[in-house]
Amino acid sequence: MDKICVFCGKATREKSLEHILPQWLIKETGNPDRVVSFGPDLKTFKTRRFAFDQFKFPACQSCNNDYSVLEEQAKQIILDLLSEKPLSASDFDNLLTWLDKVRVGLWLGYRLLNNNVFGISPCFFINQRIRNKDRAVLIFKTTDTAKGLGTIGVNTPFFAHSPTCFGLIINDTYFVNVSTDYLLSRRLGLPYPEEAYFMDTSTNELEVFVKDGLERIIEPLLRVEYDRYFTELYQPIIPIETAESLSLDMYQTLYVKQFFKDSRIGKILIKIPHRKITDYPAEMTRAWIPKDKRSRRETYYIATKTVSLFHKYLLSTMPLFDRLKNKDEIRYRKKEFLFINKTNDLFLKQIERTREK
């Protein structure tokens with residue numbers, strides 16, 4: 001495969017390598033030279049084991065430099081998260097942006113590791129997914145303070161086709177990150193797509209029919225049946241492709257404007273167990289810290305199951321293929337997504353069997 005930049009998607013200029021899981025994070029979570037498993041190769045099913053330092057992919061030097069400020073911000077935020085310090089709404093805005101970078105970077109990285117077993121030609125890269133879709137992060141804390149770094153759900157057929165949800169483990173803190181078009185819109189009461197269709201899968205071109213929102217919040221925001229003992233943070237974002245519609249009446253109501261404040265980037269919302277969704281406080285606060293901490297084993301089980309449940313849910317909400325011009329492609333795409341759904345069901349069963357042992 002061509003050596004293209006994970007940030008811009010072009011042939012690398014002034015070649016460098018991007019550590020998708022940054023070196024500062026690797027050092028913070030254990031021996032930088034440690035050898036770890038990166039899961040089975042989806043083509044050969046042989047387990048891959050190598051040092052984190054080798055998990056790096058082509059990038060332009062200039063693109064790499066452009067993200068250095070975000071990386072420094074993320075480093076301080078992660079360190080503060082691990083130390084359970086007060087954080088601000090802007091901290092979580094930056095954290096969600098960094099998770100956008102990591103999530104899409106992992107997708108592109110595993111595409112290379114798996115020799116593109118599914119034959120996917122990316123129509124976007126990190127630059128196109130930064131702060132461009134509704135997003136959320138769920139935060140878990142364990143009672144075990146042992147160091148460690150890991151990912152959840154990134155070496156799966158679903159993630160290979162749709163890099164919209166993954167889990168990240170950093171020492172005693174677990175994150176489940178979700179981001180896609182209109183993820184939060186309907187249940188936040190915002191304009192939402194009544195119907196959506198793929199028009200061209202090679203460019204990810206969609207036809208979306210947006211209708212007026214209900215202008216009231218429906219909880220839970222995400223209809224996934226997971227154990228809600230963690231802290232949930234949400235940020236609605238109007239996709240760039242939809243931003244031209246901001247002049248429409250549906251985006252000009254007082255209800256909608258309270259979420260966006262003259263910008264397509266929405267405010268940070270927080271959901272604490274047994275309380276309603278609210279705006280994140282204006283001041284720095286420790287309110288984000290999950291009060292209910294569980295064992296590492298229990299947390300890993302819940303986080304892994306949550307990621308798989310999100311994969312199943314997101315698959316069910318994807319645009320339809322019925323309006324593609326090529327009828328053979330319609331049949332192929334439907335068979336492909338049936339395979340992904342069945343595979344994900346097998347993962348869920350395996351997660352339950354592992355817990356019982």
Side-chain angles (χ1 to χ4, degrees), residues 74 81 92-108 110 124 126 128-140 150-170 173-188 190 192-193 196 204 217-239 259 265-273 277 280 288 290 299-300 302-319 340-341 344 347-348 351:
L81 277 160
F92 281 107
D93 178 86
N94 288 329
L95 176 67
L96 285 163
T97 300
W98 182 74
L99 288 170
D100 283 342
K101 170 182 175 286
V102 173
R103 189 183 66 255
V104 178
L106 286 169
W107 171 59
L108 295 167
Y110 271 91
F124 60 85
I126 291 173
Q128 291 80 41
R129 279 300 183 266
I130 292 289
R131 307 184 90 215
N132 193 29
K133 312 289 180 184
D134 282 0
R135 50 198 191 174
V137 63
L138 318 179
I139 302 177
F140 310 69
T151 57
I152 300 171
V154 297
N155 193 37
T156 64
F158 174 87
F159 193 78
H161 288 80
S162 177
T164 49
C165 175
F166 85 117
L168 181 64
I169 304 165
I170 304 176
T173 306
Y174 284 55
F175 305 88
V176 173
N177 173 231
V178 194
S179 180
T180 192
D181 285 325
Y182 304 105
L183 175 70
L184 311 172
S185 56
R186 185 178 185 278
R187 296 177 76 84
L188 271 182
L190 305 173
Y192 69 97
N204 224 27
I217 294 176
I218 303 172
E219 295 196 44
L221 279 190
L222 301 176
R223 299 179 66 183
V224 174
E225 294 299 323
Y226 46 70
D227 187 329
R228 297 175 182 274
Y229 74 88
F230 42 75
T231 301
E232 306 166 58
L233 293 128
Y234 300 101
Q235 186 177 40
I237 295 180
I238 301 171
F259 288 94
I265 309 298
K267 61 186 177 182
I268 300 291
L269 306 169
I270 185 169
K271 165 71 174 173
I272 296 170
I277 294 169
Y280 194 90
W288 65 268
T299 303
Y300 182 78
I302 293 173
T304 304
K305 183 175 180 180
T306 300
V307 170
S308 287
L309 287 171
F310 266 117
H311 286 184
K312 189 172 182 67
Y313 168 72
L314 292 167
L315 192 65
S316 72
T317 62
M318 280 190 174
I340 295 170
N341 195 40
N344 197 63
F347 287 149
L348 281 166
I351 291 166

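Reckoned from all heavy atoms, side chains included, excluding hydrogens, waters and symmetry mates. Keep in mind the model is a prediction, meaning the values are calculated, not measured.
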Between the side chain of N344 and the main-chain N/O of S308, is any donor-acceptor distance below 3.5 Å?
yes

Distance-only, no hydrogens or angles: does the S316 side chain make a donor-acceptor pair with backbone N or O of Y313 under 3.5 Å?
yes

For the residue pair L222 and A136, what are the closest heavy atoms and their distance?
CD1-CB, 4.4 Å

Applying the side-chain hydrogen bond (donor to acceptor under 3.5 Å, both in side chains) test to Q235, which of R131, R135, K133, K267 qualifies?
R135

Run the numbers on Y229 and I302 for side-chain contact (heavy atoms from CB on, under 4.5 Å), then give the verdict.
CA-CA 10 Å; Y229 74 88; I302 293 173; 3.4 Å; yes

Verify side-chain contact (heavy atoms from CB on, under 4.5 Å) between L269 and L188, making sure each step is shown before the conclusion.
CA-CA 11 Å; L269 306 169; L188 271 182; 3.8 Å; yes

Would you mind reporting whether I139 and F92 have side-chain heavy atoms less than 4.5 Å apart?
yes

L138 and Y226, any side-chain heavy atoms less than 4.5 Å apart
yes

Going through the checks in order, is the side-chain contact (heavy atoms from CB on, under 4.5 Å) test met by L221 and K271?
CA-CA 10 Å; L221 279 190; K271 165 71 174 173; over 6 Å; no

Before you tell me yes or no, could you show the steps for N132 and F124 under side-chain contact (heavy atoms from CB on, under 4.5 Å), namely the whole-Å CA-CA distance, both residues' side-chain angles and the distance that decides it to 0.1 Å?
CA-CA 12 Å; N132 193 29; F124 60 85; over 6 Å; no

Heavy-atom pair with the smallest gap, counting every atom of P236 and L190:
CB-CD1, 4.1 Å

Any Y300 side-chain heavy atom under 4.5 Å of I169 side chain:
yes

Would you compute the distance between atom NZ of K312 and atom CG of N341 and round it to the nearest 0.5 angstrom?
4.0 Å

I need the minimum non-hydrogen distance between S185 and Y192, along with the two atoms involved.
OG-CB, 3.4 Å

Beyond-backbone contact of L95 with L81, side-chain heavy atoms, under 4.5 angstrom:
yes

Contacts of type side-chain contact (heavy atoms from CB on, under 4.5 Å), residue T156, not counting sequence neighbours:
F158, F159, H311, F347

May I ask you to check if R228 and F230 form a cation-pi contact, with NZ or CZ under 6.0 angstrom from the six-membered ring centre and within 45° of the axis?
no

Smallest separation among heavy atoms of R103 and C165, with atom names:
CD-N, 4.0 Å

Find the distance between NE2 (H161) and CG (L315) and round it off to the nearest 0.5 Å.
10.0 Å

L168 and T151: which non-hydrogen atoms are nearest, and at how many Å?
CD1-CG2, 4.1 Å

Taken to the nearest 0.5 Å, the spacing of Q128 CD from N204 CG works out to 11.5 Å

Under 3.5 Å: donor-acceptor pair, side chain of R129, backbone of D100:
no

What distance separates N94 CG from L99 CG, expressed to the nearest 0.5 Å?
11.0 Å

Evaluate whether atom CD of E219 has more than 12 neighbouring non-hydrogen atoms of other residues, nucleotides or ligands under 6.0 angstrom away.
yes

If we only count heavy atoms from C-beta on, is the L183 to L314 side-chain gap below 4.5 Å?
yes

Looking at I238, is its backbone amide N or carbonyl O close enough to the side chain of D134 to form a donor-acceptor pair, meaning the two atoms are under 3.5 Å apart?
no

Does the side chain of F166 reach to within under 4.5 Å of the side chain of N177, using non-hydrogen atoms?
yes

If you compare all heavy atoms of I270 against all heavy atoms of W288, which two are closest, and at what distance to 0.1 Å?
CD1-CA, 4.0 Å

